[in-house]
Amino acid sequence: MYPTVYIEYLAHFHGTRDYFECHEVLEEYWKEVDPKNRNSVWVLLIQIAVSMYHDRRGNQKGARILLNRCLHKFPENHIKLKNLGLDPEHLLDQLHKTDERLKKGESYTSWNFPIIDLQLRQEVHSLCQKWQVAYGAPSDMSDDWLVWKHKLRNRE
């Protein structure tokens, strides 16, 4: 029902908390199905994850810039988010709360997408179990690979 890469994105977001990988798994899909559309729902999801990545590593300015882009493109993706099994109103509230936290200079906090499709939630839970990661556990801030992946990865 949903693209496999979307389920993987959600499993990374909620399980591994690897926001960098969220970007990686959805980018190619976006380029295949909605190329060059910077307002695509897939770009919105990618930018949410990248904003969280910046936030977690203390780049609050970068996180806010991306988060504000997300808030700007949110209205035109409202129905698409619902069609992807999410509660758009709750997600928008979550993004506003994150923006408020960042404005105050408060540190990163993990959060989950509001998945309202129970079958989708089960598929994400199952994938997390397969990967042997806990669904909804907070980010491991002591994991340098998770926090600094863009600097530590092999670019070859």
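Throughout, residue positions are numbered sequentially from 1 according to the sequence presented.
- Residues L10 and Y2 are not in side-chain contact: their nearest non-hydrogen atoms beyond the backbone lie 4.5 Å or more apart.
- L118 and I7 are assigned to two separate hydrophobic clusters, defined by single-linkage of ILVMFWY side chains at heavy-atom distances under 4.5 Å.
- Atoms NE2 and CG, from H78 and N83 in turn, are 11.0 Å apart once rounded to the nearest 0.5 Å.
- Counting only distance, with no hydrogens or angles, the side chain of D34 and the backbone of N37 share no donor-acceptor pair below 3.5 Å.
- The distance from the CD atom of Q129 to the CD atom of Q122 is 7.0 Å, given to the nearest 0.5 Å.
- Here CG of L44 is found 7.0 Å from CG of L91. Values are rounded to the nearest 0.5 Å.
- Hydrophobic clustering of Ile, Leu, Val, Met, Phe, Trp and Tyr side chains at less than 4.5 Å, counting indirect connections, unites V33 with V41.
- Closest of all the heavy-atom pairs between A63 and L102 is CB-CD1, 3.9 Å.
- For Q60 (side chain) and E106 (main-chain N/O), a donor-acceptor pair under 3.5 Å exists by modelled atom type.
- Atom-to-atom distance recorded for I116:CD1 and K82:NZ is 5.5 Å, nearest 0.5 angstrom.
- Between E100 and K103, at least one side-chain N (NZ, or NE/NH1/NH2) sits under 4.0 Å from a carboxylate O, which counts as a salt bridge.
- Both Y135 and W131 are members of a single hydrophobic cluster when ILVMFWY side chains are connected at heavy-atom separations under 4.5 Å.
- What you find for Q47 and K73 is that their closest heavy atoms are OE1-NZ, 2.7 Å.
- Using a 4.5 Å cut-off between side-chain heavy atoms of Ile, Leu, Val, Met, Phe, Trp and Tyr, with links allowed through other members, Y19 and M141 fall into the same hydrophobic cluster.
- Between I48 and F113, some side-chain heavy-atom pair lies under the 4.5 Å cut-off.
- Taking 4.5 Å as the limit, some side-chain heavy atom of D55 sits within range of a side-chain heavy atom of R101.
- R57 places none of its side-chain heavy atoms less than 4.5 Å from the side chain of Y108.
- In terms of heavy-atom proximity, L86 sits nearest to P88 at O-CD, 3.1 Å.
- Expressed to the nearest 0.5 Å, how far NE2 of H23 lies from CH2 of W30 amounts to 8.5 Å.
- Put simply, the side chain of I115 reaches to within 4.5 Å of the side chain of H14, judged on heavy atoms.
- Each of I79 and L92 belongs to its own hydrophobic cluster when Ile, Leu, Val, Met, Phe, Trp and Tyr are linked at side-chain heavy-atom distances under 4.5 angstrom.
- Remark: the backbone N or O of H12 is not paired with any side-chain donor or acceptor of D18 at under 3.5 angstrom.
- Using a 4.5 Å heavy-atom threshold, the side chains of F13 and V124 count as separate.
- Between W42 and L26, the shortest heavy-atom distance links the atoms CE3-CD2, 3.8 Å.
- Side-chain atoms of Y9 come within 3.5 Å of backbone N or O of L45 as a donor-acceptor pair.
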Discussion item. Test side chain to side chain contact (heavy atoms under 4.5 Å, CB included) on V5 and E28; report intermediate values, then the result.
Written reply: CA-CA 9 Å; V5 293; E28 286 305 313; over 6 Å; no
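- The OG1 atom of T98 sits 10.5 Å away from atom NE2 of H96, with the distance rounded to the nearest 0.5 Å.
- You'll find the side chain of L67 reaches within 4.5 Å of the side chain of L95, heavy atoms only.
- Side-chain atoms of D99 never come within 3.5 Å of backbone atoms of N68 as a donor-acceptor pair (strictly under, hydrogens ignored).
- Scored by the ring-ring contact (aromatic ring centres under 6.0 Å, His included) test, F74 finds no partners at all (sequence neighbours excluded).
- At most 12 heavy atoms of other shown residues, nucleotides or ligands fall within 6.0 angstrom of atom CD in Q119.
- Residues Y29 and P3 share a closest heavy-atom pair of OH-CG, 3.2 Å.
- With contacts defined as side-chain heavy-atom distances shorter than 4.5 Å, the pair R17/S110 qualifies.
- Scanning both residues, V43 and R38, for their nearest heavy atoms gives CG1-O, 3.4 Å.
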